[in-house]
There are 2 protein chains.
Amino acid sequence: MSDDQSKPMIGMPEGPVPKAVVSRLSLYLRELQRILGEGQATISSTQLGSLLGFSDAQVRKDLAYFGQFGYPGIGYRCEELVAAVRRILGTDRPWNAAIVGMGNLGRALIGYRGFLNQGFRVVSIFEVDSGKVGWQVEGVQVYHIDQMPEIVRTLGVRLALIAVPAATAQQVAEKLVGAGIEGILNFAPVTLTVPPTVSLVEVDLAMQLEQLAFAVVNREKST
Amino acid sequence: MSDDQSKPMIGMPEGPVPKAVVSRLSLYLRELQRILGEGQATISSTQLGSLLGFSDAQVRKDLAYFGQFGYPGIGYRCEELVAAVRRILGTDRPWNAAIVGMGNLGRALIGYRGFLNQGFRVVSIFEVDSGKVGWQVEGVQVYHIDQMPEIVRTLGVRLALIAVPAATAQQVAEKLVGAGIEGILNFAPVTLTVPPTVSLVEVDLAMQLEQLAFAVVNREKST
DNA sequence: TAGATTGTTAATCGATTAACAATC
DNA sequence: TAGATTGTTAATCGATTAACAATC
């Protein structure tokens with residue numbers, strides 16, 4: 001039984017972590033970074049929770065999945081907790097990502113500063129249109145989609161963002177998997193099938209507007 | 001006790017509908033539209049569920065919140081169910097939306113075809129930069145942010161998409177609320193505060209990549 | 001010491017799944 | 001009729017909240 005006083009001690013839990021917990025972790029991180037920027041050194045679970053609309057118990061429980069980061073009577077040290085959460089999420093080290101597709105959305109994602117701020121570097125773009133191959137966009141080189149295996153390997157690309165039409169997204173996903181990509185963020189409005197060795201997150205922008213429309217129409221009921 | 005044979009009968013439930021149910025409704029709709037496009041007339045809860053990774057019971061339960069849409073022994077008629085789900089979500093009628101901010105993301109959202117496909121029309125753009133005011137982008141007029149109340153009223157804009165930097169997003173939200181907007185889709189990486197009369201959906205793209213990074217790092221555990 | 005706040009256990013709440021009578 | 005499939009109830013599972021001893 002060790003008695004070291006070094007905080008924080010991070011351990012990944014035995015069982016699987018609920019998706020909702022990981023999602024809140026990202027929100028905690030975002031809020032903590034903001035608070036840290038304002039010069040606040042510590043924060044209680046009650047304060048962090050109320051900034052985001054969660055209960056204090058929820059905040060403590062979520063963090064407790066991964067270790068003991070708090071100080072009874074004090075709260076959490078913001079700087080320490082930011083570092084801990086980034087390490088839990090895996091964003092304490094940079095990730096190289098590729099974007100597939102150079103439509104409006106693809107081009108917007110290339111230059112999105114929010115990615116770099118959180119440790120994600122867009123290091124290559126893949127396109128089927130040979131006319132665009134060889135271009136540079138925001139300092140990022142455009143490659144033909146057939147160069148994927150080589151570029152993924154040489155640049156150490158681990159994540160890919162799919163920004164192609166729904167009709168071609170599954171094909172693109174399969175090429176990415178074949179090239180050794182480990183995770184896919186899919187913006188095409190279609191459910192992709194990938195092997196269990198590859199992680200998948202789906203973001204459908206029109207679906208988000210549908211959720212909003214439903215909320216507006218049923219506003220009274222949701223209160 | 002009526003005995004009419006007209007299907008479907010839609011009723012909104014008494015209690016609040018869980019967010020997860022509404023989210024799956026959008027997925028059902030997307031899949032149903034695809035299936036309908038392939039000419040399939042009916043679908044069972046088992047088939048629809050397995051296409052999306054849900055159980056048959058889940059599909060039936062979700063739909064049963066809103067009425068009786070299925071036919072025992074047959075399944076659901078795709079065309080009917082599409083119409084029903086669109087009516088439930090509120091997208092059986094068009095929604096006018098505005099975009100605030102003309103950075104990379106804002107410009108990408110203006111021309112996004114996926115919105116129009118699901119019944120959302122981008123009818124105006126708002127900008128603080130006077131230099132851009134008066135432009136047309138993809139046939140959509142750019143207005144100064146101070147013209148918001150007037151334009152929202154005259155064009156019947158009910159939804160707004162915030163695509164401005166985090167630092168100014170809360171101010172923008174307040175202007176939108178003041179102008180009578182009913183729902184906000186926020187892409188700025190900051191938690192907004194809006195009155196309970198206004199609906200809010202938040203999409204943080206960097207957060208989605210964080211979720212992906214976590215999934216990749218913990219791939220073995222999630223299986 | 002008194003006050004604040006954590007980490008954790010037990011209690012509560014809500015959502016998913018299993019099962020099956022009713023229906024086509 | 002036999003087979004398929006729904007809508008719904010009851011059982012199970014998982015996630016959130018309440019409560020509190022331990023700690024600073």
Side-chain angles (χ1 to χ4, degrees), chain A residues 1 3-11 13-25 27-28 32 40-78 80-81 84 88 222, chain B residues 1 3-11 13-25 27-28 32 40-78 80-81 84 88 222:
Chain A
M1 209 168 281
D3 197 30
D4 59 332
Q5 69 273 29
S6 65
K7 284 253 186 174
M9 291 179 289
I10 301 181
E14 303 296 301
V17 182
K19 274 229 184 74
V21 172
V22 186
S23 182
R24 285 193 297 268
L25 237 39
L27 288 171
Y28 298 153
L32 286 164
Q40 191 175 326
T42 69
I43 189 168
S44 69
S45 56
T46 306
Q47 198 196 344
L48 181 53
S50 79
L51 284 168
L52 292 162
F54 304 132
S55 72
D56 58 326
Q58 178 103 82
V59 173
R60 293 199 300 279
K61 195 101 205 288
D62 286 346
L63 296 173
Y65 267 95
F66 306 97
Q68 305 191 159
F69 307 110
Y71 300 86
I74 310 284
Y76 301 87
R77 300 204 207 286
C78 295
E80 245 176 50
L81 194 53
I88 293 165
S222 65
Chain B
M1 210 168 281
D3 197 30
D4 60 331
Q5 69 273 30
S6 66
K7 284 253 185 174
M9 292 180 288
I10 301 182
E14 303 296 300
V17 183
K19 273 228 185 74
V21 172
V22 186
S23 181
R24 285 192 297 267
L25 237 39
L27 287 171
Y28 299 154
L32 287 164
Q40 190 175 326
T42 69
I43 189 167
S44 69
S45 57
T46 305
Q47 199 196 344
L48 182 53
S50 79
L51 284 168
L52 292 162
F54 304 133
S55 72
D56 59 325
Q58 178 104 81
V59 173
R60 293 199 299 279
K61 195 102 205 287
D62 286 347
L63 296 173
Y65 268 95
F66 306 96
Q68 305 191 160
F69 307 109
Y71 300 86
I74 309 285
Y76 301 86
R77 300 205 207 285
C78 295
E80 244 176 51
L81 194 52
I88 293 165
S222 64

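So that the names make sense, note that chain A is the first sequence line, chain B the second, and so on, each numbered from 1. A quick note: this is a predicted structure, and the numbers were derived from the prediction, not measured.
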Nearest heavy-atom pair of B:D62 and B:R24: which atoms, and what distance?
OD2-NE, 2.6 Å
Could you tell me if the side chain of B:V21 sits less than 4.5 Å from the side chain of B:F66, heavy atoms only?
yes
Taking the minimum atom-to-atom distance to the side chain of B:R60, which one of D:dG7, D:dT16, C:dG7 wins?
D:dG7
Give the minimum heavy-atom separation between B:S45 and B:V59, together with the two atoms involved.
O-CG2, 3.8 Å
Return the pairing partner of C:dC13 with a 3.5 Å limit on both distances, Watson-Crick or G-U wobble; otherwise return none.
D:dG14
Can you tell me if B:S45 touches the phosphate of D:dT6, counting only side-chain N or O atoms and a distance under 4.0 Å to OP1 or OP2?
yes
Counting just side-chain N and O atoms, does A:Q58 come under 4.0 Å of either OP1 or OP2 of D:dT17?
yes
When the distance from NZ of B:K61 to P of C:dT17 is rounded to whole Å, what number comes out?
11 Å
Between B:A64 and A:S55, which is nearer to the 5' end of DNA chain D once each is assigned its nearest nucleotide?
B:A64
Atom pair distance, as rounded to whole Å: CG in B:L81 and P in D:dT6:
11 Å
Closer to the 5' end of DNA chain D via nearest nucleotide, is it A:I74 or A:P18?
A:P18
Does A:Y65 place a side-chain N or O at less than 4.0 Å from the phosphate oxygens OP1/OP2 of D:dT16?
no
Report the distance from atom CG of B:L63 to atom C1' of D:dT6, rounded to the nearest whole Å.
11 Å
Atom-to-atom span, CZ of B:F69 to P of D:dT6 - whole angstrom
14 Å
Could you state the CZ-C1' distance from A:R77 to D:dC24, rounded to the nearest angstrom?
10 Å
Separation of B:D56 atom CG from C:dT17 atom P, in whole Å?
9 Å
Given C:dA4, is OP1 or OP2 found less than 4.0 Å from the side-chain N or O atoms of A:Y76?
no
Is the shortest side-chain heavy-atom distance between A:T42 and A:Y71 below 4.5 Å?
no
Among D:dT16, C:dT5, C:dT17, the nucleotide that comes nearest once only the side chain of A:R24 is considered
D:dT16
Looking at C:dA22, which nucleotide sits across from it as a Watson-Crick or G-U wobble partner, both distances under 3.5 angstrom, or is there none?
D:dT5
Here the distance between atom P of C:dG7 and atom CZ of A:F66, to the nearest Å, is 14 Å
Heavy-atom closest contact (B:I88 atom, B:F69 atom, distance)
CD1-CZ, 4.0 Å
Return the value, rounded to whole Å, for the distance between atom CG of B:D62 and atom P of C:dA15.
11 Å
Looking only at the side chain of B:Q68 (C-beta and beyond, no hydrogens), which of the listed nucleotides C:dT17, D:dG7, D:dT23 gets closest?
D:dG7
